[in-house]
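These notes are about the structure you will find just below.
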Amino acid sequence: MSIEFGEVLDGGADINEEHDGLTLLHHAIDVEIDSHTQTGEPLHVDVTAYLLARGADPKRPSEGGCGVTAEQMAFASRHWLASALFEGWAKAAAPRCS
């Protein structure tokens with residue numbers, strides 16, 4: 001029996017919980033950039049986008065608040081798709097004054 005990722009999140013899992021000092025969003029950035037680097041296949045951002053849509057915080061530091069954010073990690077690793085996604089997310093989340 002397979003449990004879908006979305007089912008785990010729907011079941012109340014904390015999307016920003018850390019495992020080995022990194023959140024799911026940090027791990028997604030790492031896997032996406034490693035996959036691209038190791039295979040030469042096009043860079044993907046699908047897992048990162050899904051986690052962001054589900055409420056993952058790209059500005060949450062790793063290592064219990066003492067490390068880098070997923071946003072910083074994406075920039076440092078040259079994951080330009082994730083960086084662009086986070087930039088758009090920040091603009092959409094910014095308060096709008098009339």
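The CD atom of Gln72 sits 11.5 Å away from atom OG of Ser77, with the distance rounded to the nearest 0.5 Å. To the nearest 0.5 Å, atom CG of residue Leu9 and atom CD of residue Glu4 are 11.5 Å apart. Note that the CZ atom of Arg78 and the CD1 atom of Ile33 stand 9.5 Å from one another [nearest 0.5 Å]. Put simply, CD on Glu17 and OG1 on Thr23 are 10.5 Å apart, with the number rounded to the nearest 0.5 Å.
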### Task
Step by step, work out the side-chain contact (heavy atoms from CB on, under 4.5 Å) result for Trp89 and Lys59.
CA-CA 11 Å; Trp89 173 85; Lys59 297 189 179 290; 4.2 Å; yes
### Task
Could you check Leu81 against His44 for side-chain contact (heavy atoms from CB on, under 4.5 Å), going step by step and ending with a plain yes or no?
CA-CA 7 Å; Leu81 283 171; His44 290 273; 6.0 Å; no
### Query
Does the pair Ile29 and Thr48 meet the rule for a side-chain contact (heavy atoms from CB on, under 4.5 Å), with working shown?
CA-CA 7 Å; Ile29 297 290; Thr48 294; 3.6 Å; yes
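For the side-chain contact (heavy atoms from CB on, under 4.5 Å) criterion with Leu25, the lone passing option out of Leu51, Asn16, Asp57, Ile15 is Leu51.
A donor-acceptor distance shorter than 3.5 angstrom exists from the side chain of Glu18 to the backbone of Gly64, with no hydrogens or angles considered. His27 contributes a side-chain N or O that, together with a main-chain N or O of His19, makes up a donor-acceptor pair within less than 3.5 Å. The backbone N or O of His79 lies less than 3.5 Å from no partner atom in the side chain of His36, so there is not a single donor-acceptor pair.
Nearest approach of Ala74 to Ala82, heavy atoms of both residues: CB-CB, 3.9 Å. The shortest heavy-atom contact between Cys66 and Pro61 is N-CB, 4.3 Å. What you find for Phe86 and Ala70 is that their closest heavy atoms are CE1-O, 3.7 Å.
Cluster membership for Tyr50 and Leu22, using ILVMFWY side-chain heavy atoms within less than 4.5 angstrom, is not shared. Under a hydrophobic clustering in which Ile, Leu, Val, Met, Phe, Trp and Tyr are joined whenever their side-chain heavy atoms come within less than 4.5 Å, directly or via other members, Val47 and Trp80 fall into the same cluster.
Here the side chains of Leu85 and Leu52 are in contact, with some heavy-atom distance below 4.5 Å.
Surrounding CG of Asp20 are at most 12 heavy atoms belonging to other residues, nucleotides or ligands under 6.0 Å away. The number of heavy-atom neighbours closer than 6.0 Å to CZ of Phe75, taken from other residues, nucleotides and ligands shown, is 12 or below.
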